[in-house]
Amino acid sequence: MRDIRRWARLTAYCLLVALQPLLTGCETPPPEAALREAVAELESGLEGGDVGAVMDRLAADFRYRDLDRKAAGRRLVGVFLRYPKRQVSFLNVDVALDPVTLREAEVTFNALVWGGRATLPEDADSFRVRSRWREADGDWVLVDLEARGLSE
């Protein structure tokens with residue numbers, strides 16, 4: 001009887017050890033965590049002047065005021081050239097996932113932006129941003145956004 005219990009424990013232990021990599025390898029980040037990571041990548045792309053990283057986060061049908069995706073990319077290049085030294089901070093990031101699909105979300109945050117040509121900033125502003133995101137092919141992309149100055 002004692003040998004049977006020992007064999008059963010050994011079998012269960014071996015099975016647990018064998019299945020552990022499979023169970024942890026299948027883990028995908030929850031939608032909110034993946035979306036927060038996408039917002040952080042957008043923030044670092046804006047601060048680093050990486051047009052490609054920012055454009056990767058914009059949906060094909062992206063809209064901002066009267067700008068489409070292509071026009072937004074051109075505007076980014078102009079801003080990055082005008083302000084080679086810039087700082088971007090997203091504060092109070094609030095994520096509201098669509099509870100039904102978990103593939104659409106609204107993200108609101110305060111954006112603090114300052115920059116210039118030298119170390120000291122020449123211009124600074126703060127905005128309240130409301131953005132809509134959508135999961136497309138496993139990545140979160142920005143569909144549209146609205147930004148108003150905090151002083152408005």
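The model shown is predicted, which means the values in this text are computed figures rather than measured ones.
- Minimum heavy-atom separation, W133 to A38: CZ3-CB, 4.0 Å.
- Judged as a side chain to side chain donor-acceptor pair (under 3.5 Å), and not counting sequence neighbours, the contacts of D61 are R134.
- Across every non-hydrogen atom of A53 and G45, the tightest pair is CB-CA, 4.3 Å.
- Using a 4.5 Å heavy-atom cutoff, the side chains of V51 and F80 are in contact.
- S89 places no side-chain N or O within 3.5 Å of a backbone atom of L112 that could act as its donor or acceptor partner.
- A 4.5 Å side-chain heavy-atom check between L46 and L76 finds at least one atom pair inside the cut-off.
- Looking at heavy atoms from C-beta onward, E135 lies out of side-chain contact with E104 at the 4.5 angstrom threshold.
- With contacts defined as side-chain heavy-atom distances shorter than 4.5 Å, the pair V93/V107 qualifies.
- The distance from atom CG of N110 to atom CG of N92, rounded to the nearest 0.5 Å, is 5.0 Å.
- A salt bridge is absent between R132 and E106: the closest approach of a Lys/Arg side-chain nitrogen to an acidic carboxylate oxygen does not fall below 4.0 angstrom.
- Nearest heavy-atom pair, D56 versus V141, reported as atom, atom and distance to 0.1 Å: O-CG1, 4.1 Å.
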* Could you walk me through whether D123 and W114 pass the side-chain contact (heavy atoms from CB on, under 4.5 Å) test, one step at a time? => CA-CA 6 Å; D123 199 4; W114 59 97; over 6 Å; no
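- Taking 4.5 Å as the limit, some side-chain heavy atom of F62 sits within range of a side-chain heavy atom of L142.
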* Take V113 and R86 through the side-chain contact (heavy atoms from CB on, under 4.5 Å) test and state the conclusion after the steps. => CA-CA 7 Å; V113 183; R86 74 197 134 296; 5.8 Å; no
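- Put simply, V54 and V143 are part of two different groups of oily side chains (I, L, V, M, F, W, Y) that touch within less than 4.5 Å, one to the next.
- Counting heavy atoms from C-beta on, the side chains of L67 and R75 come closer than 4.5 Å.
- Contact detail for T108 and R130: the closest heavy-atom pair is CG2-CG, 3.7 Å.
- Sorted by first and then second residue, the pairs that involve residues 34-46 and meet salt bridge (Lys or Arg N to Asp or Glu O under 4.0 Å), not counting sequence neighbours, are E32-R36, E41-R57.
- When the side chain to side chain donor-acceptor pair (under 3.5 Å) test is applied to S44, no partner is found at least two apart in sequence or on another chain.
- Between the CG atom in D144 and the CZ atom in R65 there is a gap of 12.5 Å [rounded to 0.5 Å].
- Across every non-hydrogen atom of V88 and E47, the tightest pair is O-OE1, 3.3 Å.
- By the 4.5 Å heavy-atom criterion applied to side chains, W140 and V39 are not counted as neighbours.
- Residues L145 and Y64 meet the side-chain proximity criterion, which asks for heavy atoms closer than 4.5 Å.
- With R74 contributing its side chain and A72 its backbone, the two residues share no donor-acceptor pair below 3.5 Å.
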